A.B. asks: 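Sending over a structure as structure tokens; questions will come in a sec.
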There are 2 protein chains.
Amino acid sequence: MDIKIVDVASKAGVSPATVSRVLNKANNVTLKTRTKVMEAIQELGYHPNAAAKNLRSQRSMAIGVIAQDINSAYFTEIIKGVENMAYAQKYKVIICDSENQRDKEREYLNLLMDRTIDGVVLIAPLISDEEICQIADKGYSVGIIGRNINHEKIPCVFTDNVKFSQQVVLYLIENGHRDIVFISGYAESTDSYERLEGYLKALRDRQIPFRPELLENGDFNEDGGYEAMKRLFAKNAHFTAVYCANDEMALGVYKACAERNIRIPEDLSVIGVDNNRISKYITPTLSTVNQPKYTMGAILTEKMIDQMNDDVHHDKRVFVVDSEVIIRDSCKPLGE
Amino acid sequence: MDIKIVDVASKAGVSPATVSRVLNKANNVTLKTRTKVMEAIQELGYHPNAAAKNLRSQRSMAIGVIAQDINSAYFTEIIKGVENMAYAQKYKVIICDSENQRDKEREYLNLLMDRTIDGVVLIAPLISDEEICQIADKGYSVGIIGRNINHEKIPCVFTDNVKFSQQVVLYLIENGHRDIVFISGYAESTDSYERLEGYLKALRDRQIPFRPELLENGDFNEDGGYEAMKRLFAKNAHFTAVYCANDEMALGVYKACAERNIRIPEDLSVIGVDNNRISKYITPTLSTVNQPKYTMGAILTEKMIDQMNDDVHHDKRVFVVDSEVIIRDSCKPLGE
DNA sequence: ATACACCGTGAAATCGATTTCAATATATAG
DNA sequence: CTATATATTGAAATCGATTTCACGGTGTAT
């Protein structure tokens with residue numbers, strides 16, 4: 001049913017080899033034959049069979065992306081960056097949603113093994129550095145967003161979580177807050193862990209004792225933030241500011257506060273992380289930390305495709321991108 | 001470098017054909033040979049090459065999804081449904097973001113033509129019915145979410161936009177509202193068009209004259225809703241309720257109101273569509289219309305895979321799923 | 001004991017492109 | 001006008017699996 005290269009060849013009165021040369025823009029084809037072939041392709045509506053092409057050329061022109069949750073704006077922004085860069089270089093993108101499960105992440109990595117994809121981008125992966133290195137050692141292309149992995153073949157793009165986290169908390173402290181809640185994400189997540197580290201560091205910097213009862217986990221989603229807040233209220237602990245490891249959880253905090261008639265920022269200052277698209281539309285507008293998510297996806301993808309296309313050992317492998325604390329209406333100096 | 005089927009065969013002391021039979025669960029292999037082969041596969045860490053398999057079997061075990069914007073929760077929820085169902089049936093999913101551009105939608109459809117994917121799911125496509133039918137006529141598998149297309153080979157899943165839209169507006173009218181704004185999405189979108197139709201129908205039902213100045217376009221995103229609202233304020237038109245063709249635009253409306261100290265719902269009732277994950281977290285909680293997005297993705301995918309796997313002409317092709325108007329805190333009876 | 005069916009296995013063809021290598025046609029130099 | 005270099009082209013091998021077909025071996029019926 002489908003048109004094959006031989007059909008085009010016979011219609012154009014040439015050999016399949018020549019048709020292939022035209023398709024792949026080899027320069028050693030006469031203009032005359034080239035036009036003959038192109039006409040035949042047009043007339044027959046010929047599309048080269050991808051499987052045959054992949055088999056012979058040993059590449060699929062596809063890359064995989066493994067994200068923890070494609071419902072979360074953090075991941076989709078990054079994926080857009082990946083997708084656009086890939087598309088520009090004629091690569092397809094296979095998106096996999098690991099649903100925050102380490103096992104599903106592993107299963108998807110198996111996709112790589114059968115050469116369905118030429119390489120894989122891991123966004124904030126849950127599996128260990130060792131496991132990732134092993135895959136790269138086997139000769140597969142891997143790139144990481146959101147973590148730094150020490151392997152010469154693995155390009156990495158990330159921000160300094162500890163640093164901006166520290167900045168956020170120092171900002172709150174400088175505005176008079178001392179009783180600052182931290183709502184973390186998944187325990188297994190590097191991001192979550194490092195943001196906690198920055199929080200603790202800032203407290204230490206200003207010699208404010210760490211109060212464990214102000215630490216809660218919200219699993220990076222709205223409901224988690226909401227429930228974490230309810231637990232805090234139940235504890236009857238005193239606090240004047242809440243720092244959430246992402247914006248989704250901050251939204252949950254907003255809801256919990258609305259239910260208790262706690263005013264933001266008058267009664268409580270709130271800061272999130274990610275600069276989620278909605279953060280500037282909610283009331284009050286949410287203070288947060290911006291990461292160049294789209295760019296991170298794009299940079300890494302470009303780098304990976306580069307690396308896949310030639311074995312030249314490149315200079316730059318690790319990209320640390322800047323993040324920026326954005327203060328909006330959701331926080332104010334204490335007692336003002 | 002890679003292990004091939006012949007390597008497994010020689011290690012197990014059998015022919016490649018037998019290895020293939022084991023891999024594909026043919027039942028005509030002795031238990032003894034089967035275990036021998038499986039051991040060899042294990043020891044060598046063999047993964048069948050996808051390209052070779054695809055070429056010979058004439059299928060890629062992959063389906064494509066074309067969405068207008070993978071940053072929008074409406075699409076990602078559906079995609080999750082598609083992804084999970086596909087995964088369960090061992091299909092990979094290639095996700096394409098058309099960025100609301102009809103041309104990019106067409107370009108991605110070309111992926112289908114080279115057999116990279118076995119079929120494609122179009123979510124709220126922008127291209128015409130005719131174009132879609134043509135593709136199906138050429139023998140490609142296509143499924144549609146969010147529109148009904150009259151072609152016996154194309155499974156469709158959608159809700160009755162006109163109906164729920166009418167319900168929403170009638171609800172507002174029954175609560176005393178007569179001056180109701182409608183903020184539409186993309187002009188080209190069927191969803192947007194049909195929701196407008198429902199709006200108009202409800203007005204007609206209650207003999208309320210249509211006021212064109214209460215009609216604005218918000219392009220389905222937060223900023224569009226925000227700007228639409230500002231234009232309405234500038235017009236100085238009188239209205240007591242706003243119906244947005246999706247929740248994102250309603251969020252923009254919230255922001256515009258906050259800036260003018262217009263209270264929701266006291267001064268203005270707001271209703272959206274989609275039951276976006278955030279709609280019950282914002283303040284006040286947003287009234288909206290729920291569609292079973294995940295289920296829609298899953299149903300259609302199941303149906304498509306079914307259809308791809310046997311040519312049996314199935315009974316049910318069109319699935320109309322129920323939508324439900326959810327009234328939350330963002331609207332109240334007029335003058336109460 | 002003979003004939004026939006059936007089961008397990010291997011050899012070889014096949015999927016549809018790309019690519020190597022050799023052959024032919026053309027161009028350039030002497 | 002011949003000899004050599006170069007530009008185009010085609011035949012055939014190749015990528016790595018699946019699948020058809022044929023063959024030998026075992027089991028059952030007559």
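Side chains included, hydrogens not; waters and symmetry mates left out as well; all remaining heavy atoms used. Predicted model only: the values in this text are computed from it and were never measured.
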A.B. asks: Could you tell me which residues satisfy ring pair (Phe, Tyr, Trp, His ring centres under 6.0 Å) with B/Phe220, sequence neighbours excluded, listed by chain and number?
C.D. replies: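 In terms of ring pair (Phe, Tyr, Trp, His ring centres under 6.0 Å), with neighbours along the sequence ignored, B/Phe220 is linked to B/Tyr186.
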A.B. asks: Rounding to an integer number of Å, can you tell me how far A/Lys32 NZ sits from D/dA7 C1'?
C.D. replies: 15 Å
A.B. asks: How many whole angstroms separate atom CD1 of B/Ile3 from atom P of D/dA17?
C.D. replies: 10 Å
A.B. asks: Got a salt bridge between A/Asp137 and A/Lys153, using NZ or NE/NH1/NH2 to carboxylate O under 4.0 Å?
C.D. replies: no
A.B. asks: Compute whether any side-chain donor of one residue and acceptor of the other, for B/Tyr294 and B/Asn84, lie under 3.5 angstrom apart.
C.D. replies: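 Checked: B/Tyr294/B/Asn84 side chains pair up, N/O donor to acceptor below 3.5 Å.
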A.B. asks: Calculate the interatomic distance between B/Lys4 atom NZ and D/dT18 atom C1'; express it in whole Å.
C.D. replies: 16 Å
A.B. asks: A/Ile5 has an atom CD1; how far is it from atom P of C/dC15, in whole Å?
C.D. replies: 15 Å
A.B. asks: Atom CZ of A/Arg59 to atom P of C/dA17: distance rounded to whole Å?
C.D. replies: 18 Å
A.B. asks: Counting only heavy atoms not in B/Asn28, do more than 12 fall under 6.0 Å of its CG?
C.D. replies: yes
A.B. asks: Under the rule for side chain to side chain contact (heavy atoms under 4.5 Å, CB included), what residues qualify as partners of B/Thr116, not counting sequence neighbours?
C.D. replies: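 Residues passing side chain to side chain contact (heavy atoms under 4.5 Å, CB included) with B/Thr116: A/Ala50, A/Lys92, B/Ile94, B/Leu111, B/Asp114.
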A.B. asks: Answer yes or no: side-chain N or O of B/Arg115 and base N or O of C/dG16 forming a donor-acceptor pair under 3.5 Å.
C.D. replies: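 Per atom types, no contact qualifies.
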A.B. asks: What is the distance from CE of A/Met61 to P of C/dA17, rounded to the nearest Å?
C.D. replies: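 Distance, rounded to whole Å: 17 Å.
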A.B. asks: Does a side chain donor of either A/Asn54 or A/Ser60 reach within less than 3.5 Å of an acceptor in the other side chain?
C.D. replies: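 There is no such pair between these side chains.
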A.B. asks: Identify whether any heavy atom of B/Val19 sits under 4.0 Å from a base atom; if not, whether one sits that close to sugar-phosphate; answer base, sugar-phosphate or nothing.
C.D. replies: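 Nothing, no heavy atom under 4.0 Å.
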A.B. asks: Looking only at side-chain N and O atoms, does B/Thr33 come under 4.0 Å of OP1 or OP2 in C/dG8?
C.D. replies: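 The answer is no; no side-chain N or O of B/Thr33 sits under 4.0 Å from OP1 or OP2.
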A.B. asks: Separation of B/Asn28 atom CG from C/dT9 atom C1', in whole Å?
C.D. replies: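 Distance check: B/Asn28 CG to C/dT9 C1' gives 9 Å.
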A.B. asks: Here's a test of your reading of the structure: between A/Arg21 and A/Gln58, which maps to the more 5' nucleotide of DNA chain D?
C.D. replies: A/Arg21
A.B. asks: Should A/Asp306 and A/Lys303 count as an ion pair when the cut-off is N to O under 4.0 Å?
C.D. replies: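 No, A/Asp306 and A/Lys303 are not salt-bridged.
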A.B. asks: Return the residues of residues 41-57 of chain B meeting this criterion: a heavy atom under 4.0 Å from some atom of DNA chain C. Order them by number, or give none.
C.D. replies: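 Going residue by residue through residues 41-57 of chain B, the ones with a heavy atom under 4.0 Å of DNA chain C turn out to be B/Leu55, B/Arg56.
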A.B. asks: Report the distance from atom CG of A/Asp7 to atom P of C/dG16, rounded to the nearest whole Å.
C.D. replies: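 Checked: the CG to P distance equals 9 Å.
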A.B. asks: Judged by each residue's nearest nucleotide on DNA chain C, which is more toward the 5′ side, B/Thr30 or B/Pro16?
C.D. replies: B/Thr30
A.B. asks: I want to check one thing: is the phosphate of D/dG10, taken as OP1 and OP2, less than 4.0 Å away from some side-chain N or O of A/Thr18?
C.D. replies: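 Affirmative; the distance criterion is met.
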